[in-house]
Amino acid sequence: MRERIEEAKKKGGVEEVILVAATKTVEPARIREAISCGIRDIGENRVQEARKKIEILGRENIRWYMIGHLQKNKVKYAIKMFDMIQSLDSLPLAEELERRLAKEGKKMPVLVEVNIGRESTKFGIFPEKLKEFIHALREYPHLECRGLMCIPPWSDNPQNTRPYFARMRELMEEIKKENFPHVKMEILSMGMSDDFEVAIEEGANMVRLGRIIFGERKEGK
Ligand SMILES: *Cc1c(COP(=O)(O)O)cnc(C)c1O
């Protein structure tokens, strides 16, 4: 898998790709194994599940990311646990994060989740609203916007997903051009087990991989 990432990096002209292990439903013992193989970046979808795992595995040498939809009533826990929230998907959530972070005197790196396929079943900001959304984040000084994240429409052929990844890169460039002083557009988090190579070819510098590392998950998702 690491070789496949290297190949794709050449095609995409990407220098560095951060591999985030997506560990929902994976038990701590198996995550520990992945850590012993060099994994340092871990993405979790649920606050409660992540909290148990962080208690067991600790934070030393590990960066914990929230990659699932974050409910407002979980924000107060999330800001104490995660090193970055990749799923900033609404202004009310930004507002709640800001309120809690300000109280704690803490800043939080975030990625804005883009609903790149405009799917009703998914969270995220619609592409045409993205610039306005990111501009609005200037009101929330405890959020450090570092880039974009997406989960494109599912397809069994990753080539069908390519245009969505390409559009994400364009959006990233468009936001960069705005030179918003409160924003650093550095991270493009896209690509999962079935399509990470195509994502990297289109400019992803962070991929989130679950099944290809840990095998098929038992329940759903
Ligand atoms: C589960 C998940 C992944 C990883 O998906 P795989 O297909 O198992 O690689 C990536 N990102 C998010 C947000 C996820 O929920």
Side-chain angles (χ1 to χ4, degrees), residues 1-5 8 17-28 30-31 33-35 37-54 62-71 74 78 81-90 93 108-126 146-162 164-165 168-169 172 187-221:
M1 179 189 65
R2 288 192 195 270
E3 282 156 34
R4 286 168 63 186
I5 289 178
V17 174
I18 297 173
L19 192 170
V20 175
T23 50
K24 58 179 174 271
T25 78
V26 179
E27 321 84 84
R30 295 180 63 221
I31 302 175
E33 239 175 273
I35 292 168
C37 295
I39 292 286
R40 289 291 172 268
D41 298 272
I42 299 182
E44 277 285 337
N45 290 63
R46 289 162 166 274
V47 168
Q48 235 138 322
E49 189 179 337
R51 185 153 56 167
K52 286 186 201 142
K53 291 176 182 175
I54 295 171
I62 304 175
R63 285 170 295 273
W64 292 90
Y65 302 92
M66 178 61 177
I67 62 175
H69 175 61
L70 178 56
Q71 289 171 315
K74 300 282 166 59
M81 294 163 44
F82 292 106
D83 298 291
M84 176 188 276
I85 290 167
Q86 298 204 8
S87 44
L88 177 60
D89 56 14
S90 76
L93 177 59
M108 177 63 77
V110 297
L111 304 182
V112 175
E113 181 169 354
V114 182
N115 189 345
I116 193 66
R118 307 179 91 266
E119 293 170 281
S120 61
T121 52
K122 289 211 172 100
F123 292 100
I125 309 302
F126 282 171
R146 292 286 173 76
L148 305 178
M149 178 270 223
C150 78
I151 306 169
W154 190 85
S155 164
D156 57 5
N157 179 356
Q159 296 306 335
N160 296 338
T161 315
R162 189 183 289 279
Y164 295 107
F165 291 143
M168 284 293 291
R169 188 187 199 149
M172 180 104 163
I187 300 177
L188 190 50
S189 173
M190 58 187 193
M192 318 204 311
S193 292
D194 294 324
D195 54 22
F196 68 93
E197 288 162 297
V198 172
I200 295 168
E201 285 167 22
E202 296 300 332
N205 56 12
M206 182 178 273
V207 293
R208 309 177 309 269
L209 305 182
R211 289 168 300 130
I212 200 169
I213 300 176
F214 301 104
E216 292 297 325
R217 285 178 290 275
K218 284 183 200 90
E219 62 260 66
K221 274 209 127 182

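In each ligand, atom 1 is the first atom listed, and ligand 1 is the first ligand listed.
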_I212 contact mode with ligand 1 (heavy-atom cut-off under 4.0 Å)_ = neither
*asked:* As an exercise, identify every atom of ligand 1 less than 4.0 angstrom from a heavy atom of R208.
replied: 4 (C), 9 (O), 10 (C), 11 (N), 12 (C), 13 (C)
_Is there a polar contact, in the sense of an N or O pair closer than 3.5 Å, between M192 and ligand 1?_
no
*Does a side-chain N-to-carboxylate-O contact under 4.0 Å join R169 and E202?*
no
*asked:* Do R51 and Q48 pair up side chain to side chain, a donor and an acceptor below 3.5 Å, judged on atom types alone?
replied: no
*Near K24, which atoms of ligand 1 are under 4.0 Å from a heavy atom of that residue?*
1 (C), 2 (C), 3 (C), 14 (C), 15 (O)
*Going by the atom numbers of ligand 1, which of them fall below 4.0 Å from some non-hydrogen atom of I151?*
13 (C)
*Among D89, N45, L93, find the residue that satisfies the side chain to side chain contact (heavy atoms under 4.5 Å, CB included) test when tested with L70.*
L93
*For R211, counting its heavy atoms only, list the atoms of ligand 1 lying under 4.0 Å from any of them.*
6 (P), 7 (O), 8 (O), 9 (O)
_Region of A22 that comes within reach of ligand 1 [heavy atoms, distance under 4.0 Å]_ = side chain
*asked:* For atom 12 (C) of ligand 1, tell me which residue out of T23, L209, I67 has the closest non-hydrogen atom.
replied: I67
*Any Lys/Arg nitrogen of D194 or R211 sitting under 4.0 Å from an Asp/Glu carboxylate oxygen of the other?*
yes
*Is the shortest side-chain N to carboxylate O distance from E201 to R162 below 4.0 Å?*
yes
*With heavy atoms under 4.0 Å as the rule, classify the contact between R217 and ligand 1 as side chain, backbone, both or neither.*
side chain
_Exceeds 12 heavy-atom contacts within 6.0 angstrom, atom CD of E3_ = no
_Heavy-atom distances under 4.0 Å decide this one: backbone, side chain, both or neither, for N45 against ligand 1?_
side chain
*side-chain hydrogen bond (donor to acceptor under 3.5 Å, both in side chains) with R146: which residues, sequence neighbours excluded?*
E144
